[in-house]
Amino acid sequence: MLIRPKQGILDPQGQTVERALPALGFEGVTDVRIGRLVELEVTDASKLDELCEQLLANTLIEDFEIQIQED
Amino acid sequence: MRIGVVRFPGSCDEVDALDACAMVADSELLWHGRTDLDGVDAVVVPGGFSYGDYLRPGAIARFSPVMKAVADFAAEGGPVLGICNGFQVLCEAGLLPGALLTNSGLRFLCKQVDIVVERPGTPWTADCEAGERLSIPVKHMSGRWHADEATVAELEAEGRIVFRYAPGDNPNGSTADVAGVCSAGGNVVGLMPHPEHAVDALTGSADGLKLFASILNGGDRVGAAG
């Protein structure tokens with residue numbers, strides 16, 4: 001699951017990283033947004049949306065995206 | 001009048017909250033694992049770092065057994081006060097609107113601030129006047145209350161913004177300077193500042209005591225039978 005701050009929500013962590021990059025010589029980087037990656041294994045992927053909505057993401061402030069890798 | 005103070009693993013302000021409650025009424029601790037509230041007349045969800053603030057502050061604590069009892073109590077009109085982490089827990093539980101984000105300055109804050117009472121008359125602000133300023137400390141990392149514009153407008157219209165930081169005193173970048181909000185019924189109130197740390201002039205201010213004293217005047221269970 002990729003969990004990101006919603007568009008329009010101030011992400012001070014992302015801003016701070018963005019401001020630090022030019023000092024290291026990385027120019028032209030904008031819109032740095034920092035979120036969270038949750039990896040997990042499930043036998044049944046049908047409830048992943050619910051799982052994200054109820055616990056892993058707070059949908060008032062975060063968007064989530066589910067990426068499934070099957071073995 | 002008996003006030004229950006919830007204790008989660010990782011709570012750290014429950015004893016101060018208990019002492020503040022004891023200044024106005026009987027008080028007792030409620031361990032998070034219990035499924036009832038021992039018949040208390042009001043509940044305080046205190047500050048701290050419940051469950052280590054893992055995932056998001058309050059995200060895990062909201063699933064504690066005791067929170068089901070708190071939600072039922074709140075639904076019956078029982079007065080509930082969430083302080084700091086307790087505010088975060090109540091927002092995560094959907095009992096209060098909005099969410100708490102990392103402070104805009106990315107620093108842990110510990111300072112005395114002035115807040116303005118916007119909504120007297122809740123069970124926790126019955127002793128306050130509209131526009132009254134209270135000097136109360138904040139100490140938090142994730143105190144930036146956020147809600148979308150439509151929600152803020154709705155809360156304003158319904159008088160559900162209970163406290164604002166005084167002009168120029170917003171320490172964390174919260175939307176519309178909000179320091180505390182309440183539920184639609186007004187019985188559930190949450191705020192980031194710590195009234196339980198401001199109950200004695202010896203430690204700087206006794207303004208916080210007003211919130212606890214209010215429960216004696218406004219603590220009748222709205223909507224509860226009997």
Side-chain angles (χ1 to χ4, degrees), chain A residues 1-70, chain B residues 50-64 67-68 71 85 87-109 140-155 170-178 181 183 190:
Chain A
M1 284 86 161
L2 297 174
I3 299 158
R4 304 183 172 91
K6 266 192 195 300
Q7 278 301 326
I9 288 195
L10 176 71
D11 175 17
Q13 202 181 175
Q15 287 183 340
T16 304
V17 169
E18 187 173 318
R19 281 197 299 269
L21 290 172
L24 299 171
F26 298 101
E27 300 290 345
V29 181
T30 56
D31 295 320
V32 177
R33 314 272 293 164
I34 296 180
R36 175 188 298 129
L37 165 70
V38 179
E39 289 183 334
L40 47 80
E41 290 187 20
V42 287
T43 47
D44 172 11
S46 67
K47 289 196 166 171
L48 286 178
D49 265 312
E50 212 177 314
L51 190 155
C52 271
E53 277 164 19
Q54 286 189 22
L55 179 62
L56 293 186
N58 180 337
T59 53
L60 293 177
I61 49 174
E62 295 166 327
D63 292 323
F64 65 86
E65 183 186 325
I66 297 170
Q67 297 183 351
I68 298 176
Q69 221 173 351
E70 289 186 40
Chain B
S50 56
Y51 295 88
D53 275 357
Y54 293 158
L55 193 62
R56 296 177 307 275
I60 313 278
R62 71 167 275 214
F63 295 105
S64 269
M67 284 308 296
K68 169 80 172 71
N85 189 227
F87 184 21
Q88 295 162 339
V89 172
L90 295 176
C91 285
E92 283 283 343
L95 295 176
L96 287 173
L100 282 311
L101 291 152
T102 309
N103 299 337
S104 57
L106 292 174
R107 284 171 190 260
F108 186 90
L109 296 166
H140 59 244
M141 182 71 203
S142 301
R144 178 168 45 113
W145 183 83
H146 171 87
D148 60 36
E149 273 179 42
T151 305
V152 174
E154 190 184 319
L155 295 177
N170 181 344
N172 53 39
S174 70
T175 303
D177 293 334
V178 168
V181 295
S183 59

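Chain naming here is simple, since letters A, B, ... match the order of the sequence lines and numbering starts at 1 in each. Being a predicted model, the structure only gives us computed values, none of them experimental.
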*Asks:* With a 4.5 angstrom heavy-atom cut-off, which part of A:Ile3 approaches chain B: side chain, backbone, both or neither?
*Replies:*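 Interface part for A:Ile3: neither.
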*Asks:* For A:Leu55, is it the side chain, the backbone, both, or neither that has a heavy atom closer than 4.5 Å to a heavy atom of chain B?
*Replies:*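 Both backbone and side chain.
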*Asks:* How far apart are the closest heavy atoms of B:Leu106 and A:Pro12, and which atoms are they?
*Replies:*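 Answer, listing the atom of B:Leu106 first, then A:Pro12: CD1-O, 3.6 Å.
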*Asks:* Between these two chains, chain B and chain A, I want each donor-acceptor atom pair under 3.5 angstrom written on its own line with its distance.
*Replies:*
residue	atom	partner	partner atom	Å
B:Leu55	O	A:Arg36	NH2	2.6
B:Arg56	NH1	A:Leu55	O	3.0
B:Arg56	NH1	A:Leu56	O	3.0
B:Arg56	NH2	A:Leu55	O	2.9
B:Arg62	NH1	A:Gln54	O	3.2
B:Glu92	OE2	A:Asn58	ND2	3.3
B:Arg144	NH1	A:Leu10	O	3.1
B:Arg144	NH2	A:Leu10	O	3.2

*Asks:* So which heavy atom on B:Cys91 is nearest to which on B:Gly98, and how close?
*Replies:*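 Minimum heavy-atom separation between B:Cys91 and B:Gly98: CB-O, 3.5 Å.
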*Asks:* Please report the C-alpha distance between B:Val152 and B:Val178 in whole Å, then the side-chain angles of each, then the deciding distance to 0.1 Å, and finally whether the side-chain contact (heavy atoms from CB on, under 4.5 Å) criterion is met.
*Replies:* CA-CA 10 Å; B:Val152 174; B:Val178 168; 5.7 Å; no
*Asks:* Which heavy atom of B:Leu109 sits nearest a heavy atom of B:Pro171, and at what distance?
*Replies:*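 Heavy atoms only, the tightest pair is CD1-O, 3.2 Å.
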*Asks:* List in chain and number order the residues that pass side-chain contact (heavy atoms from CB on, under 4.5 Å) with A:Ala20, two or more places apart in sequence or in another chain; answer none if no residue qualifies.
*Replies:*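 Partners of A:Ala20 by the side-chain contact (heavy atoms from CB on, under 4.5 Å) criterion come out as none, since no residue qualifies.
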*Asks:* Could you tell me if the side chain of A:Leu10 sits less than 4.5 Å from the side chain of B:Leu101, heavy atoms only?
*Replies:*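 Not touching, per the 4.5 Å side-chain cut-off.
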*Asks:* Could you pull out all residues at least two apart from B:Ala153 that satisfy side-chain contact (heavy atoms from CB on, under 4.5 Å)?
*Replies:*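 In terms of side-chain contact (heavy atoms from CB on, under 4.5 Å), with neighbours along the sequence ignored, B:Ala153 is linked to no residue.
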*Asks:* Of the backbone (N, CA, C, O) and the side chain (C-beta and beyond), which part of B:Leu55 lies under 4.5 Å from a heavy atom of chain A, both, or neither?
*Replies:*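 Contact with chain A is through both the backbone and side chain of B:Leu55.
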